[in-house]
Engineer: 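Sending over a structure as structure tokens; questions will come in a sec.
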There are 2 protein chains.
Amino acid sequence: MSRSTGRRLGRAGIRDVAAAAGVSITTVSDALNGKGRLPDATRSHVREVAERLGYRPSAAARTLRTGKSGLIGLTVTTYGDEPFTFTEFAYFAEMARAATSAALARGYALVILPATSRHDVWSNVALDGTVVIDPADGDPVVTELVRHGLPVVSDGRPGGTLPVTGWVDNDHEAAVLGLLDHLADAGARRIGLLTGNTTDTYTRLSTTAYIRWCERVGQDPVYESYPAHDPCAGAVAADRLLARPDRPDAVYGLFDPNGTDLLAAARRYGLRVPDDLLLVCCSESTVYATTEPPITTLSLKPRRIGTAVVQILIDAIEGLGDGRPVEQVIPTDLIVRTSSQRRSPRTTVSPPRGPAGD
Amino acid sequence: MSRSTGRRLGRAGIRDVAAAAGVSITTVSDALNGKGRLPDATRSHVREVAERLGYRPSAAARTLRTGKSGLIGLTVTTYGDEPFTFTEFAYFAEMARAATSAALARGYALVILPATSRHDVWSNVALDGTVVIDPADGDPVVTELVRHGLPVVSDGRPGGTLPVTGWVDNDHEAAVLGLLDHLADAGARRIGLLTGNTTDTYTRLSTTAYIRWCERVGQDPVYESYPAHDPCAGAVAADRLLARPDRPDAVYGLFDPNGTDLLAAARRYGLRVPDDLLLVCCSESTVYATTEPPITTLSLKPRRIGTAVVQILIDAIEGLGDGRPVEQVIPTDLIVRTSSQRRSPRTTVSPPRGPAGD
DNA sequence: TCACCTTGCAGAAACGTACCTTCCTCCGAG
DNA sequence: CTCGGAGGAAGGTACGTTTCTGCAAGGTGA
């Protein structure tokens, strides 16, 4: 007696296809997956029947059987109360987009997960590996994942001795040093820094690079720090920085909104940019191309980082690389605009047309 | 003979926990899931053993058995070449963040998926339901999902007769009408529109609302449209709009970057904002609070939309609502700043301190 | 004492797929 | 005539859960 008949409702299973095509389950599986030794006639016949029945293999069953889910976790460390905070909006959006594209191109999908240690969510989804953005020192989630044998690749050099499968990062120190040199070349005598008071690697490396540069050129460090996840605090800190008695004549802002914050603060103090104050900030946002004046930005190349992270992770999942951790450094890109050039009297980015009523 | 012993490697399964605790598999399952009739002693003992062995239930097996994966798809319609494009950056980022938070709070995780009809990715992941952003008329992916019995909730009123489980949207027409009235109140005599040439519902509704408003007040429509996914095209279109012989004295820009684009164009033509040109744009970005001058923006409340969409979807998944489609309208929020106020000589947003050298 | 309920737990059947193993058949070479 | 081998397809098990059903032991009222 065949109990395979009489599926009351719900989707067609592989059994139904087998029955309808008059072959065995094995043959259906082989035909659809391109395995086994089957004549083309059988293969196409099975495919046709499957198509007609609207058959879709059960992802859960396949995952259970093969041990591969085709899912990659994407985690952002959380700052405030929300289980999921993006600082550096544009950076994250760009990075996530690139990572998604790269994953999809290789047949994987991305799952957004919180970086908290609430196991209930993590263990409810079968992951083949995980991308972690800016993991904290000795992050318990990462440690746990690695202990269970899951590949983990991080965006940002992992702090401490986090045993990740690989990481991708910029050379933040070199970027900051180069940028400060650029400002000094443009005539800056005292360069200030707007930085965060968080302990993530990006903030730490950038700040120490700044301090070292100051030591090297014999300048007293002039900086203000604030909680980077609070947008209002950024404006306040920018104001504080320009209110100091030892007011800098150039400022680098570590975070995306710092450019507009500093610009607004400069206006309040009657400082002209770039004449009285040179400005650079780290951002992926295109708005800085059309501010008045356009602001020089440091791009961390999130697209390249997102792509690279996913490639490394999938290579590890599929056992392509050797077992050793992969470490990759992506160069940054300083997009020089008016705000950091004292020589050039007019904008360097070309307006769409040139009908300016000058 | 017990074949449950001797697990060579890999994670501990429920069998191992049962063996180690000296109970049956059923008891372990019941103890960990809070079901069955077990004395607290047994329950805690099993939990302790499971903890000691580092036991994590297999998500794949659970999904296979229960038919629920705890995963929700998140899809954005694609515009250009990339499999995944975000127009309206900040809108999407905010919406996705809210949706993620809301989903996590109810024990679900979000999977980012492409809106293409490439089945191989979709069928490789077990979804309980899907959120679709701005689905096109008769979207094949949505149709397919619904046909398979999966709940689908859309951000944006679905075009055509898409049989979705529910949708959430703003009242775009009311928003545009209200905003145009606001500009007229501020003294605008000829209001222009910067719009897109795509066919999505948002663009279509907003544009027709604009045209109807013009008819009502007896103004000739003055608008330029451009492909919204191309950032450069926006700047060009803004320029075109202000170069027209029938130059408007107020402009509403439908897309996020339009504010800076229009501001830049105005500067090129020597137009002062708001004295010569009133400006409003639709954006979620906070940069418009600190531009010179600050720009009035229309917020579509992506946080509320993202949250609402997920709540409706999960209610449908868990069979909480009645079977009927849920339709929810979220009010928009006009954040009035200097750019649309001719009366107010100074900024209305309060600077952090007041040391401005005025 | 018997019937009956409650408590505490175990057995075993699914869930839907992939794949290892086996089996049959046909054909040509020895 | 036999034997080896290859092509073609089916059988059956395992993946790791959840959960339905059932069984024994102990308690209780008649």
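Every chain is numbered from 1, with letters handed out A, B, ... down the list of sequences. Here the structure is a predicted model, which means the values were calculated and not measured.
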Engineer: Determine: side-chain N/O of B/Ser58 to OP1/OP2 of D/dG16, distance under 4.0 Å, yes or no.
Structural biologist: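 No.
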Engineer: For the pair made of CG in B/Asp40 and P in C/dC9, what is the distance, rounded to whole Å?
Structural biologist: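 Distance, rounded to whole Å: 11 Å.
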Engineer: Could you tell me how far apart B/Arg15 (CZ) and C/dG11 (P) are, to the nearest whole angstrom?
Structural biologist: 14 Å
Engineer: What's A/Leu38 touching, base or sugar-phosphate or nothing? Going by heavy atoms closer than 4.0 Å.
Structural biologist: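 Sugar-phosphate contact only.
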Engineer: Does A/Arg43 pair with A/Glu48 as a salt bridge, N-O distance under 4.0 Å?
Structural biologist: no
Engineer: Between side-chain atoms of residues 306-321 of chain A and protein atoms elsewhere (two or more places apart, or another chain), which donor-acceptor pairs fall under 3.5 Å?
Structural biologist:
| unit_1 | atom_1 | unit_2 | atom_2 | d |
| --- | --- | --- | --- | --- |
| A/Thr307 | OG1 | A/Arg303 | O | 2.9 |
| A/Gln311 | OE1 | A/Arg106 | NH1 | 2.8 |
| A/Asp315 | OD1 | A/Arg106 | NH1 | 3.1 |
| A/Asp315 | OD1 | A/Arg106 | NH2 | 3.2 |
| A/Glu318 | OE1 | A/Arg106 | NH2 | 3.3 |
| A/Glu318 | OE2 | A/Tyr108 | OH | 3.1 |

Engineer: Please evaluate the base of D/dG11 for a donor-acceptor partner in the side chain of A/Thr26 within a cut-off of under 3.5 Å?
Structural biologist: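 Answer yes: a donor N or O sits under 3.5 Å from an acceptor.
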Engineer: Base, sugar-phosphate, or nothing for B/Ser29, non-hydrogen atoms under 4.0 angstrom?
Structural biologist: base
Engineer: Picking from C/dA18, D/dA9, C/dT17, which would you name as closest to the side chain of A/Pro39?
Structural biologist: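 Nearest nucleotide to the side chain: D/dA9.
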Engineer: Any side-chain N or O of A/Arg65 below 4.0 angstrom from OP1/OP2 of C/dC15?
Structural biologist: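 For C/dC15, neither OP1 nor OP2 has a side-chain N or O of A/Arg65 closer than 4.0 Å.
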Engineer: In this structure, how many angstroms lie between the P atom of D/dG16 and the CG atom of B/Leu32, rounded?
Structural biologist: 16 Å
Engineer: At under 4.0 Å between heavy atoms, what does A/Thr42 touch on the DNA or RNA strands: base, sugar-phosphate, or nothing?
Structural biologist: sugar-phosphate
Engineer: Indicate yes or no: does B/Glu144 engage A/Arg56 in a salt bridge with an N to O separation below 4.0 Å.
Structural biologist: yes
Engineer: Hey, does the side chain of A/Lys35 come within less than 4.0 Å of C/dA18's phosphate (OP1/OP2), counting only N and O?
Structural biologist: no
Engineer: Can you tell me how far P of C/dC15 sits from CD1 of B/Ile14, to the nearest Å?
Structural biologist: 19 Å
Engineer: Considering heavy-atom distances to DNA chain C, does A/Thr27 or B/Arg37 have its closest nucleotide positioned more toward the 5' end?
Structural biologist: B/Arg37
Engineer: In whole Å, I'd like the distance from the CZ atom of A/Arg56 to the P atom of C/dC15.
Structural biologist: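 Taking CZ of A/Arg56 and P of C/dC15, I get 21 Å after rounding.
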Engineer: Checking all strands, does A/Ile25 fall into the base, sugar-phosphate, or nothing category for heavy-atom contacts under 4.0 angstrom?
Structural biologist: nothing
Engineer: When all nucleic acid strands are considered with a 4.0 Å heavy-atom cut-off, which category describes A/Asp30: base, sugar-phosphate, or nothing?
Structural biologist: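 Touches nothing.
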Engineer: State whether the number of non-hydrogen atoms from other residues, nucleotides or ligands found under 6.0 Å of A/Arg147 atom CZ is greater than 12.
Structural biologist: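 Atom CZ in A/Arg147 is crowded, with more than 12 foreign heavy atoms closer than 6.0 Å.
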Engineer: Given atom CG of A/Asp16 and atom P of C/dG16, what is their separation to the nearest angstrom?
Structural biologist: 9 Å
Engineer: Under 4.0 Å between any heavy atoms, over every strand shown, what does B/Arg62 touch: base, sugar-phosphate, or nothing? Just pick one.
Structural biologist: sugar-phosphate
Engineer: How would you list, by chain and number, every residue that makes a side-chain hydrogen bond (donor to acceptor under 3.5 Å, both in side chains) with A/Asp128, sequence neighbours excluded?
Structural biologist: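 Scan of A/Asp128 (side-chain hydrogen bond (donor to acceptor under 3.5 Å, both in side chains), adjacent residues dropped) gives A/Ser69.
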